[in-house]
Structure formats: structure tokens, C-alpha cells
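Below you'll find the structure, written out as C-alpha cells, and then a few comments.
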Amino acid sequence: MSAVHSTRMLILGSGPAGLSAAIYGARAGLSPIVVQGLQPGGQLTITTDVENYPGFRDVIQGPWLMEEMQAQAEHVGTQMMWDTIVEVDLSERPFRLKGDGGALYVCDTLVIATGAQAKWLGVPGELELGGKGVSACATCDGFFFRGKKIAVIGGGNTAVEEALYMTNHSHDVTLIHRRDSLRAEKILQDRLFAHHGITPLWNKAVERFIGDDQTGLVAIELKDTKTGALSVLEVDGGFVAIGHHPATELFAGQLELDEGYIKVVPGTSKTSIPGVFACGDVMDKIYRQAVTAAGTGCMAALDAERFLQEQDFPVKEEAEAVAAE
């Protein structure tokens, strides 16, 4: 018989949002369960230097920060589960979710913190030079490229915003786009074209990132999308800004989405289903920072706690009935 786990608060995802929700939920006596998912610890586990998370005067390591957050969550009463949810039924409360090993999770409230992944180009050198000159977050890593030559790849709002942001650190920013016009909003385009520190490079597609473990990124090989001619642009940093993919496939058709992100009531973590809350990058398509994810994780736990104060769902009786089936 497959295991049945019941809880007042089930949290999907173990990045800053999920673990912050767990810390607050545990301190409220809700004995939360965190299902860690495919990438325990979230995106920070593949991030090396972290310099913008409050509370640390020196640069810290992303994996270390997530280990500490998990230890804190467990210390105050969170149960961590090494599992991945493959089925979700939000049609009635208590909610039912099934793990890939067959385990059933029954919960009064559900906090979704499954995050979002940056979209990558999939070209040679991109993976190998990740964190060594290649990044998908200028706000996160731009500080490390002060006074250096930067390239931003993309043509939408994200790319233009990242290029404008990077002018705070560099006077030599190149925006690489595979077409001859941008998809970004006109007001952003106007700002970009008026900025003397940004040079648009049209009709160019990235063929590969050039560098090695010792020197990091040194150049980007480009292909002209009209002529096919190859060229090399020497850079110190390359920022891929072609969008993000929120992990919301399980909730399509059950929760209201906005461009793939879970839609929440403004100023809260409340979704379109009472008792279901969303936090972190899975609902945030603007900021996408570890500290904002942690903040919305706190919001989700507080929203869930207040929701439970007004409800009385017999999750234990439900779990016992399911186990007896």
C-alpha cells in the first residue's frame, strides 16, 4: 500500500520561497511538509557567488545558503520529502496530490513554490561557462562585471530591461538580437535607443560562447541571420535574456494563469482556488530575486495560516479513509 501523508500545509518546491513558507508555517504550528521536487534547493543551488541576499557582508555561496535555509526549516518543525509531484487534484478540499513513487499527499492548504527556469539558447559553451561569464540574470550577477564589456542577448522587454540595468555597471553594453527590430514595449525601446552606452547589434544569432574554466567567457561567436557570415564579439559577460518558463504544467486547467505564471490576487499569494497559494518565481514575472521569493513565501504562509483559522477541514480523517481504501 502506498504511503499517505497528511498535513495542514503542503509546500511544493524547496527554493527560497518554499523554505521561507515552511519556516513561517512551522512556527505557526502547522507542521508543514515540503516536497522538494526535481531541483531541491531551487536555482540557488546552481548559483555560485551570491552578493545581494541581505544579512551577509561577504559573498556567500548559493548552495550553502539553501542548506542553511533547509536546516532552519527542519529545526522549527518542517518535514522534507524527496519526491516529485506528478498528479494534482484541486477540485475539492482536502487537496490530493500524488508523487512519482505513488505516495499520496492530502492537505488542507497548498503552497506552490515550484519556481521558474530561465530559457537558454542551447548553444555550445553556454552550460560550461554558466557562472563564469554567462548568466541569465543581470540583476543577480551584473555587479561582478563592473567596468567590463557586456553583451545582452534577446529582443523583448526582459532583454531591454537587462541592457538598461547593465549600464549601471558598464559603459560598453551590446544588445544582440536575431532580428532587425525589437519586440519590447516602445517606451523601453525609446530608453534603449537614447542611451549612449548601449549598442544594438541586429540580425545576429549566437553560435557559441568562447572561453574556458581558467579565463571564463572571452568572446561570443555570432552568425548573421541574413548572410550567414560568422563574426566574433569579444566580451567579458554574456547575459541570456530570452524569457523564463514557470513550472506550472501540473496546474493548467485548474488554476488561473497569466502568461504561464500563476495568477494571484494583487498584494497577496491567493490563487483562483481558496486554500491554494503561490509564491516565488512561479507567480513573479517581474522581480525574480531570491529575496523577493523569500518575501512572498512568508506571505503565502501567513495567508494560509489566516485561511485555516477560518476553516475546519478534517484532513486527518480524510487521510485515514484514503489509507483504508
Within-4.5 Å side-chain heavy-atom neighbours: [X] and [Y]:
X	Y	value
Leu192	Gln189	no
Lys285	Asp258	yes
Ile262	Pro246	no
Asp100	Asp83	yes
Leu175	Leu182	yes

Smallest separation among heavy atoms of Ala241 and Glu162, with atom names
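Closest pair (atom of Ala241, atom of Glu162, distance): CB-CG, 4.1 Å.
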State, to 0.1 Å, how close Val123 and Val206 come at their nearest heavy-atom pair, and which atoms those are.
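Result for this residue pair: CG1-O, 3.4 Å.
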Are Val50 and Phe143 in one and the same hydrophobic cluster, where Ile, Leu, Val, Met, Phe, Trp and Tyr link if side-chain heavy atoms are under 4.5 Å apart?
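Shared cluster, no.
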Co-membership, hydrophobic cluster, residues Leu30 and Leu302, 4.5 Å side-chain:
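Hydrophobic grouping puts Leu30 apart from Leu302.
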Considering only residues two or more places apart or on different chains, which pairs with a residue in residues 168-177 satisfy side-chain hydrogen bond (donor to acceptor under 3.5 Å, both in side chains)?
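Listed once each, the pairs are Tyr165-His169.
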Does any donor atom in the side chain of Asp303 or Ser269 lie under 3.5 Å from an acceptor atom in the other side chain?
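On atom types as modelled, these side chains qualify, holding a pair under 3.5 Å.
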Going by the rule side chain to side chain donor-acceptor pair (under 3.5 Å), which residues pair with Glu185 if we only count those two or more places apart in sequence or in a different chain?
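Glu185 satisfies side chain to side chain donor-acceptor pair (under 3.5 Å) with Asn157 once adjacent residues are dropped.
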Taking disulfide bond (SG atoms under 2.5 Å apart) as the test, write out the residues that go with Cys137, two or more places apart.
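For Cys137 the disulfide bond (SG atoms under 2.5 Å apart) partners, ignoring immediate neighbours, are Cys140.
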Which residue pairs pass the salt bridge (charged side-chain N to carboxylate O under 4.0 Å, His left out) test when at least one of the two sits in residues 54-69, sequence neighbours left out?
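Every pair satisfying salt bridge (charged side-chain N to carboxylate O under 4.0 Å, His left out) with a residue in residues 54-69: there are none.
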For residues 219-234, which residue pairs pass the salt bridge (charged side-chain N to carboxylate O under 4.0 Å, His left out) check, not counting sequence neighbours?
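Only Asp180-Lys226, Lys204-Asp224, Arg208-Glu221 qualify under salt bridge (charged side-chain N to carboxylate O under 4.0 Å, His left out).
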Determine which pairs satisfy ring-ring contact (aromatic ring centres under 6.0 Å, His included) with at least one residue from residues 88-108, sequence neighbours left out, and list them in order.
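Every ring-ring contact (aromatic ring centres under 6.0 Å, His included) pair that includes a residue of residues 88-108, provided the two are not neighbours, is His5-Tyr105.
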